[in-house]
Protein chains: 2
Amino acid sequence: MSAKDEILRCARDIYLENGLSGLSLRAVARCAGVTAPAIYRHYDDKEDLLWAVCEQGHELFARYLGRGLRGGDPRARLIETGLGYLDFALEHRAYYVIMFVAPPSHFGLDRLAERSADENGATFQMLVDRVRECMDAGVIAPGDATAAAVIIWGHVHGLVTLEQRLPTDPDARRVAAPDPVATEAKFRELYRRSLDALIDGLGPR
Amino acid sequence: MSAKDEILRCARDIYLENGLSGLSLRAVARCAGVTAPAIYRHYDDKEDLLWAVCEQGHELFARYLGRGLRGGDPRARLIETGLGYLDFALEHRAYYVIMFVAPPSHFGLDRLAERSADENGATFQMLVDRVRECMDAGVIAPGDATAAAVIIWGHVHGLVTLEQRLPTDPDARRVAAPDPVATEAKFRELYRRSLDALIDGLGPR
DNA sequence: ATCCGACGTGAACAGTGTTAACGTCTCCGC
DNA sequence: GCGGAGACGTTAACACTGTTCACGTCGGAT
């Protein structure tokens, strides 16, 4: 395994475990068995290294979104895409955060902002395709497929990010350890139902 | 004006202008005409100071949400609340980012995470009230008002955060300066339509 | 007059990302 | 075989960060 790969592996593990605040170049170097400046032989700077981590995330993400193609009819394919999105967000929260949540420019990560905008454009295209399919099949009212795709992405993205900030289950407010498994199942249910409701709302009158 | 107020004012201005990465204690101190350690006479640490900035944001935010009460019927009040949310997010992006977007725990801001969760719970209650009103009036199908509120908040929150990451208008991809005013108007339109569609979807069959 | 607490200071510490100067290998052409 | 070149790593240092410590300097209450 090359030193470059080893550095990336360490950066990824440290980030996924400790978040951005735990990701220091010296920590990465220590883990990889080198000193900090050695990293600069392989990556331009910290932002560049972080981007390499993001790229691995996007690769993983693409596989989750790909599940959408398994659905039988257009509506099922769109919903299945939404569920793949949810699974990725729940199973790989840390990845999801850098890739879609944390606004890079506010943390001085300007290049990362650009690059991830491009990447987002690609996944967005996948969603637009599913939406257009639904429009052709009469599941969604004909119109601007791009706009509808923004609405749907916004919807699922919002639910997922909100789930990470709210207790979600208000009964569990301030009750110790609100059994994450149960509330996650509840949230999945809610996610699914709301996706249905939204698509209904976007359907022909 | 007390020194404490002056420090807070500087911290707010610097943050709103330069984002989190530009907010250094020494910069705040310089602006306020003191040295960095003086800040510790008034705030526990940087996180505490940042929280004070957030509090001002929440105060402002409450006024925007309050507009929802102007609506005539329950549905109008719910939509008006959603539009107030949008206005705040668009007119005070930087505030919106710390308050609702950036996940504090990933940046080592644990206390801020707790505190803002509490604050979010409060605004959430306001939304639940509007939803319950709609259920009573038959605008939204009867059921769990909290769940419906999560869905709606997730929806608007997702659209707003997405707008900050996507070009929104795909025609403007990579075209220089895609006239922010025009695309903002377009986005408002899309936001409003999708909110309508979602509430339709949540209505009785 | 004296103590005290509030407020501010300069110096210092550990940690950060990053750069410069210096080695040490390996491989390639002569 | 020899010399040069390039890839890769090191140590030392710089400027910056949040934070703490010991020291002052006031104003007000006793």
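Convention: sequence-line order gives letters A, B, ...; per-chain numbering from 1.
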Selection residues 123-134 of chain B - residue pairs positive for salt bridge (charged side-chain N to carboxylate O under 4.0 Å, His left out), sequence neighbours left out:
B/R77-B/E133, B/R130-B/E133
Apply salt bridge (charged side-chain N to carboxylate O under 4.0 Å, His left out) to B/R30 and list each qualifying residue two or more places apart in sequence or on a separate chain.
none
Could you tell me which residues satisfy side chain to side chain donor-acceptor pair (under 3.5 Å) with B/H92, sequence neighbours excluded, listed by chain and number?
B/Y64
Contact list please: residues 104-111 of chain B against DNA chain C, heavy atoms, distance less than 4.0 Å, in numerical order.
none
By ring-ring contact (aromatic ring centres under 6.0 Å, His included), A/F61 pairs with (sequence neighbours left out) A/Y85, A/F88, A/F100
Applying side chain to side chain contact (heavy atoms under 4.5 Å, CB included) to B/R41 and not counting sequence neighbours gives none
Quick one: salt bridge (charged side-chain N to carboxylate O under 4.0 Å, His left out) partners of B/D45, sequence neighbours excluded?
B/R111
Which parts of nucleotides 17-26 of chain D does protein reach within less than 4.0 Å, heavy atoms only, written one letter per nucleotide 5' to 3' as B for base, S for sugar-phosphate only and - for none?
BBBB-B----
Where chain B begins and ends its contact with DNA chain C, read 5' to 3' at 4.0 Å from heavy atoms:
C/dC7 to C/dA12
Give every residue pair that meets the side-chain hydrogen bond (donor to acceptor under 3.5 Å, both in side chains) criterion with at least one member in residues 5-15 of chain A, sequence neighbours excluded.
A/S2-A/D5, A/E6-A/R9, A/R9-A/D13, A/R12-A/Q56
How close do A/A89 and A/Q164 get, counting heavy atoms only, and between which atoms?
O-NE2, 4.3 Å
Pairs touching residues 92-105 of chain B that satisfy salt bridge (charged side-chain N to carboxylate O under 4.0 Å, His left out), sequence neighbours left out
B/R93-B/E163
List the residues meeting disulfide bond (SG atoms under 2.5 Å apart) with A/C10, not counting sequence neighbours, and say none if there are none.
A/C31
